[in-house]
Amino acid sequence: MAEGKGVLVLGEVVEGKLAPISLELLGGGKKLASDLGEEVSIILIGDEVGKFSSEAIFFGADKVYMVESPLLKDYQIDSYTSAIEKVVQEVSPRILLMGQTFTGRELAPKLAFRLGVGVSTDCTELSIDPDTKELMGTRSVYGGNARAIFQTLGQPQIATVRMKAMSPLEKDEGRKGEVKTIDAGITEDVIRTKVLERGKEEIEGVKLEDADVVVSGGRGMGGPEGFKELQDLAGILKAAVGASRPPCDNSWVPSTWQVGLTGKIISPTLYIAVALSGSSQHMAGCSGSKTIVAINKDPEANIFKEATVGVVGDWKQIIPPFTKKIKELVSG
Amino acid sequence: MAVNIIVCAKQIPDPEAPPASFKVDPNTNKMVVASSVSSVISPYDENAMEAALRIRDKQGGKITVISLGNKLQRDVVKKPLSMGGDELILLDDEAFEEGDAWSTAFALTSAIKKIGAYDLIFCGRVGGDWDQGQVGLAIAEILGIPVITIAKDVEILDTKAKVTRLTAEGYEVVESPTPCLITVTSELGEPRYPTLMGIRKAGKIQPTVWKPQDIGLSPSEVGAQGRKSTLIKLFQPVKEAKCEIIEGENIGEAAINLALKLREIKVI
């Protein structure tokens with residue numbers, strides 16, 4: 001196979017808009033592409049995706065490849081893999097990036113194994129080796145206890161990127177780009193699984209993954225009652241409530257609240273960690289937070305190694321006056 | 001309908017062990033795990049085993065567990081048997097060491113082909129050591145069977161699997177023809193504890209051990225030599241304890257000072 005060129009990004013549409021991760025990939029992909037002196041392009045898949053192409057260009061795409069078919073209206077792993085495979089064959093990119101989302105994390109390995117190339121998942125940093133032009137992907141391994149830099153073999157080099165690990169470019173409506181339609185020739189027979197039902201998770205308040213501020217509790221909360229106090233604090237800060245693994249395992253809170261490698265991976269601006277020790281597993285889910293605040297009675301707890309500010313003491317004595325003061329400050 | 005199930009279960013160092021027990025040796029670029037850390041079955045693989053057991057409990061059938069590694073500890077890899085598995089196949093050889101998702105999936109697939117008939121293959125959604133989440137998808141792609149990832153509930157209706165999987169918005173219910181491969185998440189529920197009877201039964205089961213040549217592979221196709229990714233560098237960023245501890249006359253005042261500090265640094 002001839003040497004590929006350019007960085008190709010898989011676009012995702014969520015709730016009628018290009019997903020934030022897709023804009024981040026365009027931003028990160030543009031940087032890699034300029035290091036290579038090449039272009040960044042985006043794949044848009046669906047039944048009608050033309051309306052997103054100018055947005056993609058405004059956020060940095062030099063080219064937009066549209067794959068449209070009524071069969072691609074809803075996401076399905078087989079049809080979407082075939083659609084991306086077709087674009088890769090036509091475009092021969094050097095690098096293919098997807099988000100570490102529910103779709104990207106299954107599409108990227110599936111496609112890689114179909115194409116016979118390697119893939120690095122859940123990368124938090126990407127760079128180009130200036131000598132070899134190879135893609136280097138940095139990711140967390142061993143439950144957050146170490147980091148690894150991987151290089152994959154074969155072309156394209158495929159990687160998935162964690163949400164908020166990269167920054168989108170400023171939207172520029174003056175940017176120009178080319179839009180091209182690719183016929184992937186998707187037929188019914190490639191689609192093997194059928195979605196019978198889709199449902200939304202009912203959440204009160206702010207969604208954990210989207211929240212700018214998150215208040216989390218750990219084992220030291222001692223039971224479900226303590227989380228009510230955290231919910232009051234969260235309400236004032238328009239924050240979401242999270243938890244480390246023990247409260248979820250003990251059914252004090254729903255398992256969907258779990259932050260960590262085996263739960264949700266989030267990067268809020270402010271993360272308030274209450275009565276949690278800060279295990280590697282947990283930190284792997286929130287270490288991208290801009291500011292971490294620790295409240296823990298154990299001054300040796302690992303969370304104090306991760307936090308910017310903190311108070312040593314029993315949360316039961318700290319949270320009520322803290323919440324009261326926060327309320328004054330926020331409303332004042 | 002009796003169901004033939006294969007479960008892939010990996011032996012790893014206990015990921016819940018204290019962070020200080022994981023040290024990278026910069027000379028070899030390898031993770032050195034303190035000898036005090038015990039080996040366990042990767043947590044999501046136990047969820048995968050639980051999913052398999054629930055189906056067999058309901059419909060009957062057989063569960064074959066496969067583990068791949070080098071010098072696998074029998075007491076660890078037998079745990080899925082003591083949970084209720086029927087057979088254990090160990091791909092146990094030094095040639096399997098230092099593999100990546102590619103070489104691991106390739107070897108597991110060769111073993112699955114040798115086993116022959118199966119209706120379902122279960123894997124955990126991601127391994128608790130390298131955290132890549134690739135092997136299940138790889139096996140399905142190599143075998144050419146449908147794959148459903150991140151499942152929290154699995155039912156078998158005739159020749160179809162009905163799977164509830166997590167999505168960004170919540171969940172979806174997916175129907176797939178069998179055979180298919182399903183990766184399982186912890187939302188499925190706690191894996192059962194082995195019973196005394198289960199442990200006794202597992203003790204009597206002799207695992208089948210296969211070397212690369214037993215599954216038609218040469219040592220150059222497995223482990224480190226079969227990789228499609230290169231580990232350039234393994235490292236542990238140094239964390240400086242830079243946390244500013246907020247104090248006060250008493251704990252209540254420290255709490256108020258913390259709130260004031262957050263305003264001062266403009267995070268609230």
Side-chain angles (χ1 to χ4, degrees), chain A residues 77 101-102 105-106 109-110 113-114 117-122 136 140-143 145-154 192-201 237 255 261-262 269-270 280-281 291 293-294 302 304-313 317-318 321-322 325-326 329-330, chain B residues 15-16 19 22 24 31 43 100-102 128-134 137-138 141-142 146-150 166-177 186-187 228-237 239 241 243-246 251-252 254-256 258-263 265 267-268:
Chain A
I77 184 168
T101 58
F102 275 89
R105 70 175 60 170
E106 61 176 17
K110 187 171 166 68
F113 290 97
R114 184 171 297 179
V117 302
V119 51
S120 290
T121 52
D122 201 17
M136 301 290 152
S140 164
V141 294
Y142 282 94
N145 281 314
R147 301 176 64 70
I149 303 176
F150 282 104
Q151 176 193 326
T152 60
L153 307 182
R192 294 174 294 182
T193 64
K194 194 166 96 188
V195 176
L196 303 176
E197 185 190 333
R198 281 199 165 94
K200 276 198 177 187
E201 182 193 345
L237 290 168
S255 61
L261 196 71
T262 53
T269 315
L270 175 62
S280 301
Q281 285 271 347
T291 303
V293 176
N302 187 59
F304 287 112
K305 294 201 178 86
E306 310 274 353
T308 316
V309 289
V311 171
V312 179
Q317 294 177 312
I318 295 169
F322 178 69
K325 191 68 191 175
I326 292 278
L329 291 170
V330 171
Chain B
E16 303 283 349
F22 294 85
V24 171
M31 179 62 84
D100 68 353
W102 253 103
D129 48 1
W130 291 98
D131 310 326
Q132 287 264 22
Q134 298 186 12
L137 287 146
E141 189 60 30
I142 300 171
V147 59
I148 303 109
T149 62
I150 319 192
L166 304 185
T167 63
E169 290 78 31
Y171 69 92
E172 63 187 18
V173 183
V174 180
E175 186 184 74
S176 171
S186 53
E187 280 83 353
K228 295 233 182 193
S229 62
T230 312
L231 176 61
I232 303 289
K233 190 180 172 192
L234 190 63
F235 62 105
Q236 289 168 305
K239 295 224 171 82
C243 181
E244 184 184 342
I245 302 292
I246 308 295
I251 191 76
I256 290 166
L258 177 64
L260 291 168
K261 180 74 190 179
L262 297 186
R263 173 48 62 95
I265 60 173
V267 292
I268 59 159

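Residue numbering restarts at 1 for every chain, and letters A, B, ... go by the order of the sequence lines. When reading the values below, keep in mind they use all heavy atoms of this one structure, side chains included, and skip hydrogens, waters and symmetry mates. A quick note: this is a predicted structure, and the numbers were derived from the prediction, not measured.
- Interface check for chain B: of the options A:V330, A:T152, A:V309, the most heavy-atom pairs under 4.5 Å are formed by A:V309.
- Both the backbone and the side chain of A:I326 come within contact range of chain B, judged by heavy atoms closer than 4.5 Å.
- Here the side chains of B:L262 and A:F322 are in contact, with some heavy-atom distance below 4.5 Å.
- The minimum heavy-atom distance linking B:E187 with A:S255 is given by the pair CG-OG, 3.9 Å.
- Contact tally against chain A (heavy-atom pairs below 4.5 Å) for B:Q236, B:E172, B:E16: the top residue is B:E172.
- Under the ring pair (Phe, Tyr, Trp, His ring centres under 6.0 Å) criterion, A:F113 pairs with B:W102, sequence neighbours left out.
- Among A:K325, A:K200, A:R147, the residue with the largest count of heavy-atom pairs under 4.5 Å with chain B is A:R147.
- At a 4.5 Å heavy-atom cutoff, the contact between B:V267 and chain A is made by backbone and side-chain atoms alike.
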* To do: Give the C-alpha distance, both sets of side-chain angles, the deciding distance and a yes or no for salt bridge (Lys or Arg N to Asp or Glu O under 4.0 Å) between B:E141 and A:K110.
  => CA-CA 6 Å; B:E141 189 60 30; A:K110 187 171 166 68; 2.8 Å; yes
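- Between chain A and the residues B:V173, B:V174, B:L260, the most heavy-atom pairs under 4.5 angstrom are made by B:V173.
- The heavy-atom pair separating B:A259 from A:L329 by the smallest distance is O-CD1, 3.4 Å.
- Between A:P109 and B:G133 the shortest heavy-atom distance is CG-O, 4.1 Å.
- Both the backbone and the side chain of A:N145 come within less than 4.5 Å of a heavy atom of chain B.
- Applying the side-chain contact (heavy atoms from CB on, under 4.5 Å) test to B:I251 and every residue at least two apart in sequence or in another chain returns A:V311, A:Q317, A:I318.
- Of the listed residues (B:A168, B:P15, B:G128), the one with the most heavy-atom contacts under 4.5 Å to chain A is B:A168.
- Relative ring orientation between B:W130 and A:F150 is described as perpendicular, the plane-to-plane angle rising above 60° on a 0-90° scale split at 30° and 60°.
- Of the atoms belonging to B:K233, heavy atoms from both backbone and side chain fall under 4.5 Å from chain A.
- Going from atom CD of A:E106 over to atom CD1 of B:I150 covers 7.0 Å, rounded to the nearest 0.5 Å.
- When every heavy atom of B:L137 is checked against every heavy atom of A:R105, the shortest pair comes out as CD1-O, 3.6 Å.
- Looking at B:I265, only its side chain comes within 4.5 Å of chain A, counting heavy atoms on both sides.
- When heavy atoms are compared at a cutoff of 4.5 Å, A:L237 approaches chain B solely by way of its side chain, counted from C-beta outward.
- In terms of heavy atoms, B:L234 sits closest to A:A148 at CD1-CB, 3.8 Å.
- A donor-acceptor distance shorter than 3.5 angstrom exists from the side chain of A:T121 to the backbone of B:Q132, with no hydrogens or angles considered.
- Between chain B and the residues A:A146, A:G310, A:A294, the largest count of heavy-atom pairs under 4.5 Å involves A:G310.
- In terms of non-hydrogen atom pairs under 4.5 Å with chain B, the most contact-rich of A:V119, A:T291, A:T269, A:V312 is A:V119.
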* **Candidate pair A:L261 and B:D131, rule side-chain contact (heavy atoms from CB on, under 4.5 Å), full reasoning** => CA-CA 9 Å; A:L261 196 71; B:D131 310 326; 3.6 Å; yes
* Asked: Please walk me through it: do A:I149 and B:F235 pass side-chain contact (heavy atoms from CB on, under 4.5 Å)?
  -> CA-CA 9 Å; A:I149 303 176; B:F235 62 105; 3.8 Å; yes
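- Of the atoms belonging to B:L166, heavy atoms from both backbone and side chain fall under 4.5 Å from chain A.
- Using a 4.5 Å cut-off between heavy atoms, A:V293 contacts chain B through its side chain alone, with no backbone atom that close.
- No other option in A:R192, A:R198, A:Q281, A:M136 has as many heavy-atom pairs under 4.5 Å with chain B as A:R192.
- Residue A:T308 touches chain B through its backbone alone, counting heavy-atom pairs closer than 4.5 Å.
- Of all the listed residues (A:G313, A:G199, A:G118, A:G143), the one sharing the greatest number of non-hydrogen pairs under 4.5 Å with chain B is A:G199.
- Checked by atom type, the side-chain pair B:T230/A:Q151 shows no donor-acceptor distance below 3.5 Å.
- Contacts with chain A were tallied for B:I245, B:T149, B:L258; B:L258 has the most, counting heavy-atom pairs under 4.5 Å.
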